[in-house]
Amino acid sequence: MSYEKVKQASKTIIGTKQAVKAIKAGRVKELIVAQDAEERITEPVIALAKENGIPVELVESRKELGKACGIQVGAAVVAIAAE
């Protein structure tokens, strides 16, 4: 399960803007995207990840994704940083 992957990751980058910056900097090995997030928010970062050959995995819930990151709010996008 991707939520477990996020919990076990040593470094996560939470949020669309931060994920885009990290992808451009070449620091992301995988992108986790919540399916219940607005498409206009997630689509550009998914496209950028695919352009850069970064695997994109979908999860059901923003709330659960945020919880897996240890934050109190939902997260639309979480990038797992390359070690």
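Predicted model, so just to flag it, every value in this text is computed and none were measured.
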Subject >> Pairs where residues 16-33 contributes a residue and the test side chain to side chain donor-acceptor pair (under 3.5 Å) is met, not counting sequence neighbours >> reply: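 Counting only pairs at least two positions apart or across chains, the side chain to side chain donor-acceptor pair (under 3.5 Å) contacts touching residues 16-33 are Lys5-Glu30.
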**OP:** For a side-chain contact (heavy atoms from CB on, under 4.5 Å) with Val33, tell me which candidate from Thr42, Ile41, Val78 qualifies.
**Re:**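 Passing option: Thr42.
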Subject >> Pairwise side-chain contact, Ile80 with Val28, heavy-atom cut-off 4.5 Å (strictly under) >> reply: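 A side-chain contact is absent here, since even the closest heavy-atom pair is not under 4.5 Å.
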Original post:
Any idea which heavy atoms bring Ile13 and Ala19 closest together, and the distance?
Top reply: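 Heavy atoms only, the tightest pair is CG2-N, 3.8 Å.
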**OP:** Could you tell me which non-hydrogen atom of Val45 sits nearest to which non-hydrogen atom of Val77, and how far apart they are?
**Re:**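 Nearest heavy atoms, Val45 then Val77: CG1-CG2, 3.8 Å.
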Can you list, pair by pair, the side-chain donor-acceptor contacts under 3.5 Å of residues 59-75, counting residues two or more places apart and other chains?
{"residue": "Ser61", "atom": "OG", "partner": "Lys63", "partner atom": "N", "Å": "3.2"}
{"residue": "Ser61", "atom": "OG", "partner": "Glu64", "partner atom": "N", "Å": "3.0"}

Original post:
Between atom CG of Leu48 and atom CD1 of Ile23, what is the distance when rounded to the nearest 0.5 Å?
Top reply: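 Rounded to the nearest 0.5 Å, the CG-CD1 separation comes to 4.5 Å.
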Original post:
Side-chain heavy atoms under 4.5 angstrom apart, residues restricted to Ile, Leu, Val, Met, Phe, Trp, Tyr: same cluster for Ile14 and Leu58?
Top reply: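 Per the 4.5 Å side-chain linkage, Ile14 and Leu58 are not co-clustered.
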Original post:
Looking at residues at least two apart in the chain, or sitting in another chain, which of them share a side chain to side chain donor-acceptor pair (under 3.5 Å) with Glu51?
Top reply: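 For Glu51, no residue satisfies side chain to side chain donor-acceptor pair (under 3.5 Å) once neighbours in sequence are set aside.
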